[in-house]
Each structure stands twice: as C-alpha cells, then as structure tokens.
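Comments concern the structure below.
Both ligands and their constituent atoms are indexed starting at 1 by order of listing. In this chain, residues are counted from 1 in sequence order.
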Amino acid sequence: MLTYFPTLYEDELLYSWFARYHVHSANVSPKQTMKDLFETTSAVAVPDLPTQLKEVYGRIMHFDIMSLDSLILKHTLFRYYTAFQPESVRQNVYQAMVTENRPGAIHMMIGIAASVVKEWKFLRFCPTCFKEDIQNKGEPYWHVSHQFPGVFTCSKHGDYLCDSTVKFRNPEKHEFVAATKDNCPSIFLQSSYSDTTKAFLNMIVRQSQELVSSDFLFTFQGIQKAYQYLLKERGLSNINGKVDQKKLAEQFQLFYGKELLSAVQSSVSYENPYCWLKNITRKHRKSFHPLRHILFIHFLSESVETFYKYASKEYYPFGEAPYYCLNPAADHFKERVITDMRISLCTDTRRPVATFGCSCGFTYSRRGPDKVEEDNFKIGRIKQFGHVWESTLYKLVHVEKKSWYLAAKELQCDIGTVKKYATRLSPNKEANSEDSLIDVTTAKQKEWLDLIRIHPEKSVTQLRKIAPALYAWHYRHNIKWLKVHSPKYK
Ligand SMILES: [Zn+2]
Ligand SMILES: [Zn+2]
C-alpha cells in the first residue's frame, strides 16, 4: 500500500499520472516506481492502452480516487479505439487492460499494430496548455486529447500540437516519463494548413474527444445499416444499396481536399480496388480506424453522436405509407389514403420511381427521392385515371353538358385528355372505333383486378360499394368476364 499518490488531473493519461508519481516519489530508479505500482519490474509503461490496472488500483484505491472503470474510460484511449469495435473485442480489451501484462496483444486485438493510419511517434503537447498547467497546477502533464492519431490541434486552444522528445513507444519499456520543460521544447515547427483544412482538423479533434466522453456501443451491423441509410439518402447509392463508388470517391475528395486527406493518411482513389472508402461502404468484416469513421460520418453530414440513429431506420425515398391520392375527382383528393406503392429504378438515372395505386382507380408515378414536403403532391405520369375520375368526366361532359374547358379545369388536366376520354366514354358507342373499345375493356379489367388485389378480403358486394361505376360498367358490358373474375363467396 502506498502512502502518497498525486491527484489525477482532468484529461490526464494514466501514463502521465504514474509518471508524475515517479517524479514526486523521488524514486531514483524507474524500476522502484514499477515495483511500487505493479509489484513487479516487468510491467510495461503504455500511454494509450495500459495494462495490469487492477494491480495498480489495489495499491492506490484508498486515496479516494474514482473507480477503476472511470479511470479506464476517461484517462486512456480505450473508448477511442473500441467505439467502433464489436462488443466482444471491447470486453476482451477491457479485461486485458485490467488484468493482463500483454500490451502488444491488445494492440493486435484492435488492429493498431497493422493500421495504415500511423500513430504519433512522440507524445504530444499543446504549448498553451503546457503553460497553463504549470500556472494552475504547478506542473505540466500529458493530456489524453492530445494523443489521438490524426489530431493536429488542441481542442481547448485550437493551437497546433507539438511533438515532445518522449517516444510514444519508448524503447525503455519499463519507464514512465513525465512531461517537463526539457522534453517539451518551446521551439517548434509550425504546421501551415489552409483554413479549410484547419477547420476539418478541428472537427476531427472534437469528434475524437466525443468518442472518449461517452459509451457508444455501436455494432458492426448497426454501423453498416446506418451507412447504407445515409448513402441512399444522399443519393450515393440506389435503393437496392448499390453504391456509386466513382461518385462517392469524387465527392469525398472534393469535400475534404487532398491536403487534409493526405495529412490524416486517408487519401482515396476510385481506381484502387482496395481503397478504404470503398471498403467502409461494404459489409463490415473487419474494423476501420476510428479516424476514418469520423471522416466518413462527417462527410455524410452526421456526427458520432447522431449517425447511429439510422442503424434501425429503413430508408423510404417517398416517406412512409399511406400516400396522397392526387385524383381531383375523388372525395379523398389530397388525402393520405394510398397504401399500394411499388418502387422501381429509373433505367437512365438509377433513381427510384414510385407507382401509387389508389382504390379509386387513379394510378400515378413519380421519380424520387422526395426531398421536400411539396414533392408529395407531384405527379410524374398518370398511368390510369380510374373509374371515379372517368365517372366524373362522364357526368360533367355527357350529363351536365359542360364544356371541355370547364371539365378540364375541374379535373385539373389538359383539354386534350378530356377530349380523348370524353369520346372514348361517349354513350353513343357506335362513335367509338373497335380499337378504343378494346382499350377501354382492357383498362377496366385491369382496374377491377387491381381493386381485388388491393382489397383481397372484400366480397363482390363490398367491392361494388367501393367502385359502383366500375362495377356497373362491367355488369353492363362485360358480365361474363366479371363473373369469372370476382371473389368467391366464403
Ligand atoms: Zn491547449
Ligand atoms: Zn384515390
């Protein structure tokens, strides 16, 4: 049991805390410090994902410090590296940090060892934080938020971070090195990035820090589903989920710019079949560096806090049913009554096309996706006017004897359409050509079959109530067919 231990500072690495203990204890040999903390001199000093923490905790817990869990979550890079990992990996890493002494094994588990995003070679510091810490605490210390890979700036001051002279993977493995004026020199090279790049660098630091401040508990499947949703919504993949990789790579590069992507070792290339951007849109069998998730999520206009809500959402390019009937002749005009909607892909644009079929017989299609509320009321093409519309037209033209102009106004269509259908529906059937009669019969049969399909449970009597004019037409002109094509009594 130790008789003294320093106070842990905000945003301080456990590594730094242990290093300050070494300084304060006045232990001459780093070995003595190792023995004080771990009971053994073979323990390894690891800045990002330290191990054997239960051992240390047992020796210092009487100093009224926070729980071991909080120490791991807030004062190491555990959450940063495991946020996008499966739960099993998260648990294994956590256990290994608590009990084991194999830091190399942990780095293998989460793929840091093989990562293409290289970690910093030296422990990093912010010159302004460094000064402030000496002023306020009497000593400098290593901050968690300065050590994330791909993070160039201080989240508090916006200053560029600097390399210290302390190696991140110290060859002296059994030694904790505290931040000092000597190893954090005040002369440093200033990076000079464009304002756009710097804004993105600030975004990366904020998002990296966000990962460390909460438990996100993402799953591979959830991440993948959220990405699929967002890619569809942004028009970067079609409704079947096929990603337009060329467009994606071009827009991604245009969005971030080469300078930023090269600075954070995440350049993209459409020509490269192994490009990370292609892979991150596919089924997640392996993990990706947190930095790349941050870049991808921000590109999709979301953040690590918000993107996961799409993991359980289905993408509806035309919103959810019911849809608006846009038949001006129906008493439910502009009401949400349509449940029958099919989506296909436009062969030219690969955009989704919806066909809405109403029980009033009115069927229309529209190319999507809908973007604003008004899109709900747009008609691309009317595929079928239906019995309600035709009955109204018949009444207007042939019963009330209104002009084509007035009928067209009432039915919100052009005069040509009124003329065509008025002639076709003329009570003087001799005026119809043989062709148009066949046309009408085919259309009416389709309408009747659609009606049965939309209402599979309904009897003939009920169908007749829904579409009296259509039923009457078949009864008068097509009775044999109607008898064969009606639901059987149950
Ligand atoms: Zn700072
Ligand atoms: Zn309708």
Side-chain angles (χ1 to χ4, degrees), residues 9-13 16 120 123-137 139-148 151-164 179 181 184-186 188 190-191 198 201-202 204-206 208-209 212 318 321-342 354-366 376-379 381-393 410-413 443-444 446-448 450-455 458 463 465-471:
Y9 297 134
E10 199 194 325
D11 190 37
E12 182 174 22
L13 280 177
S16 170
W120 297 108
L123 281 161
R124 313 258 291 161
F125 69 99
C126 156
T128 313
C129 284
F130 189 88
K131 268 187 225 145
E132 280 184 9
D133 291 342
I134 292 178
Q135 252 166 34
N136 303 331
K137 322 269 188 200
E139 59 186 337
Y141 63 93
W142 303 120
H143 288 244
V144 175
S145 60
H146 297 163
Q147 317 305 330
F148 304 123
V151 160
F152 285 67
T153 52
C154 171
S155 57
K156 193 170 165 196
H157 302 104
D159 297 7
Y160 283 112
L161 299 170
C162 305
D163 278 345
S164 72
K181 279 185 180 161
C184 297
S186 56
F188 43 84
Q190 187 70 274
S191 318
K198 197 162 180 202
L201 291 174
N202 287 336
I204 294 172
V205 65
R206 279 195 305 276
S208 302
Q209 208 160 17
V212 179
F318 299 90
Y323 304 97
Y324 290 97
C325 176
L326 301 180
N327 177 6
D331 52 11
H332 55 241
F333 179 49
K334 288 195 175 174
E335 282 177 27
R336 285 184 175 271
V337 291
I338 299 182
T339 50
D340 179 39
M341 188 271 274
R342 272 137 214 251
T355 303
F356 305 89
C358 188
S359 60
C360 69
F362 191 80
T363 306
Y364 68 97
S365 66
R366 167 170 77 237
N376 277 304
F377 302 102
K378 282 189 184 142
I379 294 179
R381 204 156 71 84
I382 295 171
K383 296 198 154 179
Q384 190 175 282
F385 285 98
H387 55 273
V388 171
W389 188 90
E390 286 180 10
S391 309
T392 310
L393 176 76
E410 202 151 318
L411 292 171
Q412 299 182 16
C413 63
K444 296 265 178 213
K446 186 177 176 303
E447 247 181 273
W448 181 252
D450 280 349
L451 195 66
I452 295 174
R453 187 167 49 75
I454 295 164
H455 304 287
K458 298 229 154 64
L463 291 174
K465 272 196 191 127
I466 295 171
L470 179 65
Y471 180 84

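Ion pairing of Lys137 with Glu132 is absent here, as no side-chain N (NZ or NE/NH1/NH2) approaches a carboxylate O to less than 4.0 Å.
Asp133 pairs in a side-chain contact (heavy atoms from CB on, under 4.5 Å) with only one of the listed residues (His143, Glu12, Glu139), which is His143.
With the Zn ion (ligand 1) as the vertex, SG (Cys126) and SG (Cys129) define an angle of 110°, rounded to 10°. Rounding to 10°, one obtains 110° for the angle at the Zn ion (ligand 2) between SG (Cys325) and SG (Cys360).
The Zn ion (ligand 1) lies under 2.8 Å from an N, O or S atom belonging to Cys154.
Taking the Zn ion (ligand 1) as reference, the nearest N/O/S atom within His157 carries the name ND1.
Note on ring orientation: taking the six-membered ring where Trp is involved, the planes of Trp120 and Phe152 are perpendicular (angle over 60°, cut-offs 30° and 60°). The aromatic rings of Phe377 and Tyr324 lie tilted to each other, with the angle between the two planes from 30° to 60°.
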